[in-house]
Amino acid sequence: MSEPTAPTDKVVTRFAPSPTGFLHIGGVRTALFNWLFARHFGGTYLLRIEDTDRARSTQEAIDAILDGLAWMGLSGDEAPVFQFARAARHVKVAQGLLEQGKAYYCYATPEELAEMREVAKAEGRSMRYDGRWRDRDPAEAPHGIPPVIRLKAPQDGETVVQDLIQGEVRVVNAQLDDMVLLRSDGTPTYMLSVVVDDHDMGVTHVIRGDDHLTNTFRQLQLYDALEWRAPQFAHMSLIHGADGAKLSKRHGALGVEAYRDMGFLPEAVFNYLLRLGWSHGDDEIISRDDAIKWFGLDAVGKAAARFDLTKLSSLNAHYLRLADDARLIDLMAPRLTEITGAPLDDAGRARLEKGLAGLKTRAQTLIELADKAAFYVRPRPLVPTDKAARLLAGGADHLRAVAGILADVAEWQAEALESAVRGYVEVSGAKLGEVAQPLRAALTGSTESPGLFEVLEVLGRDESLARIGDALT
RNA sequence: GACCCCAUCGUCUAGAGGCUAGGACACCACCCUUUCAAGGUGGUAACACGGGUUCGAAUCCCGUUGGGGUCGCCA
């Protein structure tokens with residue numbers, strides 16, 4: 001519930017994803033909180049790839065995770081630790097426990113376990129291994145059945161977690177069973193590996209998803225058996241989908257790269273995720289530096305939060321405006337090329353640099369920004385939208401007249417262009433919109449755009465006049 | 001089902017016994033305006049329910065309801 005005092009040891013946190021799929025948004029948030037906590041206390045943030053499930057771990061997933069973290073600026077402070085590579089160490093620890101009589105061989109077959117499960121279900125309780133080999137003489141071991149090694153866990157009393165987010169959570173030991181440490185093929189289980197690795201890596205604070213809370217009791221029992229000092233735990237609530245259901249693969253859970261591809265900036269995702277379940281008074285827009293300064297586990301909420309793409313979008317719109325123009329243009333380039341069919345050239349880039357400020361307030365994502373910027377770099381002649389075409393048809397006379405006036409403007413600059421057009425509007429007795437809209441349609445091919453005179457200036461005299469000429473033919 | 005956890009506007013949240021329950025996103029209205037945005041102003045909107053404790057509960061306790069997590073030789 002609280003964080004009574006600052007940690008006395010040097011803080012070491014870790015993010016430990018298993019590479020069995022993409023790095024989903026919940027994982028990014030876990031990484032973020034670990035990173036922030038370490039940074040706040042001047043500690044170290046480590047990465048561990050939990051690749052012990054050889055069948056499901058893929059290099060592709062490892063790359064996706066590493067790339068996603070890099071994109072978010074959440075790469076580990078040191079090279080990632082690969083858990084599978086440490087299997088021999090894990091096995092050794094299990095053997096040690098066996099020698100001390102704190103673990104034992106269990107020959108229960110999968111069939112026997114399935115039976116226990118059935119019985120448990122029928123009796124309306126959770127499945128627990130009944131400890132049938134716990135105190136049995138190893139001499140009774142059946143032939144041909146490779147055993148697993150189980151921890152001889154305490155059967156009385158209770159195990160208590162002082163969770164930095166959830167507060168004190170306790171469970172009676174009778175509720176827990178003797179967990180498997182080494183599988184029958186001799187490989188270590190997750191429970192063992194995590195405990196050994198966190199210990200060996202000097203992890204002081206385990207900040208992870210709520211789904212690990214019940215695992216913590218077992219891990220604590222292991223720490224006890226090993227006589228190791230357990231790290232502090234902090235379990236953060238999970239992110240839910242917009243409808244309140246758990247975010248799952250078929251439920252809107254996407255990899256970070258999906259958000260990147262949707263046109264979100266990493267700083268927006270950072271800010272959004274930070275505020276999901278954590279707050280600092282009424283602050284909404286929070287910089288990385290302030291986040292580091294302010295972050296603490298005591299302000300992390302216990303309730304699950306729903307993922308809201310709309311709010312992310314609004315944050316993204318904010319960061320888009322703050323972002324450096326050259327960077328934005330680089331990020332938009334691929335999309336622009338897709339639209340125009342040609343790589344962005346220097347002339348196009350120059351126009352974008354000039355017109356970007358006027359575009360930024362009109363987009364929430366990079367995709368939108370590129371779409372709205374496209375008219376600046378599209379090759380002539382422009383293909384007008386249906387609405388724009390109608391405007392062109394109805395306003396041809398005004399357009400023709402204003403084209404002549406524009407051609408005579410000495411200084412091709414927004415202010416002068418505006419007074420020229422307004423001058424025409426006045427003498428012709430038309431409304432500004434009756435002149436401006438056809439002009440906009442000719443210049444942009446659309447009925448919506450940044451300010452008309454800004455567009456004229458950015459496009460330049462030659463291009464502007466040429467586009468108007470195109471529209472008039 | 002068993003065990004554990006959670007519960008303030010539609011959403012993210014502030015609130016740590018006494019607030020006209022605040023902010024942000026979204027939404028609505030108005031202003032600004034050459035379009036679309038942006039911006040400005042104002043507005044609608046919440047303490048899940050029921051019991052306690054207390055002079056006084058969004059805040060503390062119990063229960064109900066609802067939601068979530070876990071129950072693997074996966075991680």
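Lettering of chains follows the sequences in order, A, B, ..., and the numbering in each one begins at 1.
Comparing the C1' positions of B/rA21 and B/rG15 gives a spacing of 8 Å, expressed to the nearest Å. B/rC61 and B/rG18 have their P atoms separated by 16 Å, given to the nearest Å. To the nearest whole angstrom, the two P atoms, one in B/rU11 and one in B/rC5, are 24 Å apart. Using atom C1' as the reference point in both B/rG63 and B/rC27, the two lie 37 Å apart (nearest Å). Nucleotides B/rC60 and B/rC3 have their C1' atoms positioned 26 Å apart, rounded to a whole Å. Between B/rA45 and B/rG22, the distance separating the two C1' atoms is 14 Å to the nearest Å.
Looking at A/Arg56 and A/Asp53, a side-chain N of the basic residue comes within less than 4.0 Å of a carboxylate O on the acidic one, giving a salt bridge. A salt bridge is absent between A/Arg14 and A/Asp197; no separation between the charged side-chain nitrogens and carboxylate oxygens falls under 4.0 Å. Comment: A/Arg275 engages A/Glu284 in a salt bridge, judged by a side-chain N to carboxylate O separation of less than 4.0 angstrom. Ion pair A/Arg170/A/Glu168 flagged as a salt bridge, since at least one NZ, NE, NH1 or NH2 atom sits closer than 4.0 Å to an Asp/Glu carboxylate oxygen. We find that A/Lys354 and A/Glu457 are joined by a salt bridge, their nearest charged nitrogen and carboxylate oxygen being less than 4.0 Å apart.
Between A/Pro110 and A/Leu213, the residue whose closest nucleotide on RNA chain B is further toward the 5' end is A/Leu213. In terms of position on RNA chain B, the residue among A/Arg170 and A/Asp185 whose nearest nucleotide sits closer to the 5' end is A/Arg170.
Following rounding to the nearest Å, A/Glu112 (CD) and B/rC73 (P) show an atom-to-atom distance of 13 Å. Between A/Leu274 atom CG and B/rU13 atom P there is a gap of 11 Å when expressed in whole angstrom units. Whole-Å rounding puts the A/Asn173 CG to B/rA2 P distance at 21 Å. Rounded to whole Å, the distance from CD on A/Glu454 to P on B/rA37 is 17 Å. Following rounding to the nearest Å, A/Trp278 (CH2) and B/rA14 (P) show an atom-to-atom distance of 11 Å. In this structure, A/Ile285 atom CD1 and B/rC12 atom P are separated by 18 Å, rounded to whole Å. At whole-Å resolution of the value, NE2 in A/His24 and C1' in B/rA75 are 11 Å apart.
Residue contacts shown for A/Pro450 include a base, since a base heavy atom lies under 4.0 Å away. Within the nucleic acid shown, A/Ser314 comes within 4.0 Å of sugar-phosphate atoms alone, with no base atom in reach, counting heavy atoms only. Within 4.0 Å (heavy atoms only), A/Glu50 reaches sugar-phosphate atoms of the nucleic acid but no base atom. Among the heavy atoms of the strands lying under 4.0 Å from A/Ser449 is at least one base atom, whether or not backbone atoms are also near. Within 4.0 Å (heavy atoms only), A/Leu238 reaches sugar-phosphate atoms of the nucleic acid but no base atom. Within the nucleic acid shown, A/Phe217 has no heavy atom closer than 4.0 Å to any nucleic acid atom. Residue A/Gly451 is classed as a base contact, given a heavy-atom separation below 4.0 Å to a base. Counting non-hydrogen atoms under 4.0 angstrom, A/Leu452 reaches a base of the nucleic acid. Base engagement by A/Arg275 is indicated by at least one non-hydrogen atom pair under 4.0 Å involving a base atom. Contact annotation for A/Asn215: base contact, defined as any heavy-atom pair under 4.0 Å involving a base atom. Using a 4.0 Å heavy-atom cutoff across all strands shown, A/His240 reaches sugar-phosphate atoms only and no base atom. At a threshold of 4.0 angstrom between heavy atoms, the contacts of A/Thr52 are confined to the sugar-phosphate backbone, with no base atom among them. Heavy atoms of A/Ala108 sit under 4.0 angstrom from at least one base atom. Within 4.0 Å (heavy atoms only), A/Val169 reaches sugar-phosphate atoms of the nucleic acid but no base atom.
Closest to the side chain of A/Lys311, from the set B/rC25, B/rG22, B/rC6, is B/rC25. Each of B/rC6, B/rA75, B/rA24 was ranked by its minimum atom distance to the side chain of A/Gln166; first place goes to B/rC6. When each of B/rA75, B/rU70, B/rC73 is scored by its nearest atom to the side-chain atoms of A/Arg56, the top-ranked nucleotide is B/rA75. Distance from the side chain of A/Gln175 is smallest to B/rC3 among B/rC73, B/rG69, B/rC3. For A/Thr214, taking side-chain heavy atoms from C-beta onward, the closest of the listed nucleotides B/rA26, B/rG22, B/rU70 is B/rU70. When distances are taken from the side chain of A/Gln437 to each of B/rA26, B/rU35, B/rA7, the shortest belongs to B/rU35.
Taking the ring centre of A/Tyr129 as origin, the terminal cationic atom of A/Arg150 falls inside the region bounded by 6.0 Å and 45° from the ring axis.
Between A/Tyr272 and A/Phe307, a ring centre-to-centre spacing shorter than 6.0 Å is recorded. Ring centroid separation for the pair A/Phe33 and A/Phe15 does not come in under the 6.0 Å cut-off.
Counting only distance, with no hydrogens or angles, the side chain of A/Ser18 and the backbone of A/Thr20 share no donor-acceptor pair below 3.5 Å.
In this structure, B/rA7 forms a base pair with B/rU65, meeting either the Watson-Crick or the G-U wobble geometry with both donor-acceptor distances under 3.5 Å. Shown here, B/rG42 forms a base pair with B/rC28; the pair counts as Watson-Crick or G-U wobble because both key distances fall under 3.5 Å. As the counterpart of B/rC36, no nucleotide is assigned, since no Watson-Crick or G-U wobble pattern has both distances under 3.5 Å.
Atoms NE2 and OG, from A/His398 and A/Ser428 in turn, are 5.5 Å apart once rounded to the nearest 0.5 Å. Taken from CG in A/Asp290 to CG in A/Asp283, the straight-line distance is 7.5 Å, to the nearest 0.5 Å.
For A/Arg306 against B/rU11, a side-chain-to-base donor-acceptor contact under 3.5 Å is absent. For B/rG69, the base has no donor-acceptor partner in the side chain of A/Asp210 [N/O atoms by modelled type, under 3.5 angstrom].
Checking the phosphate oxygens (OP1, OP2) of B/rG72, a side-chain nitrogen or oxygen of A/Arg117 falls inside 4.0 Å.
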Listed pairs, N/O of protein and of nucleotides 38-42 of chain B, under 3.5 Å:
{"residue": "B/rA38", "atom": "O3'", "partner": "A/Arg321", "partner atom": "NH1", "Å": "3.2"}
{"residue": "B/rA38", "atom": "O3'", "partner": "A/Arg321", "partner atom": "NH2", "Å": "3.1"}
{"residue": "B/rA38", "atom": "O2'", "partner": "A/Arg321", "partner atom": "NH1", "Å": "3.4"}

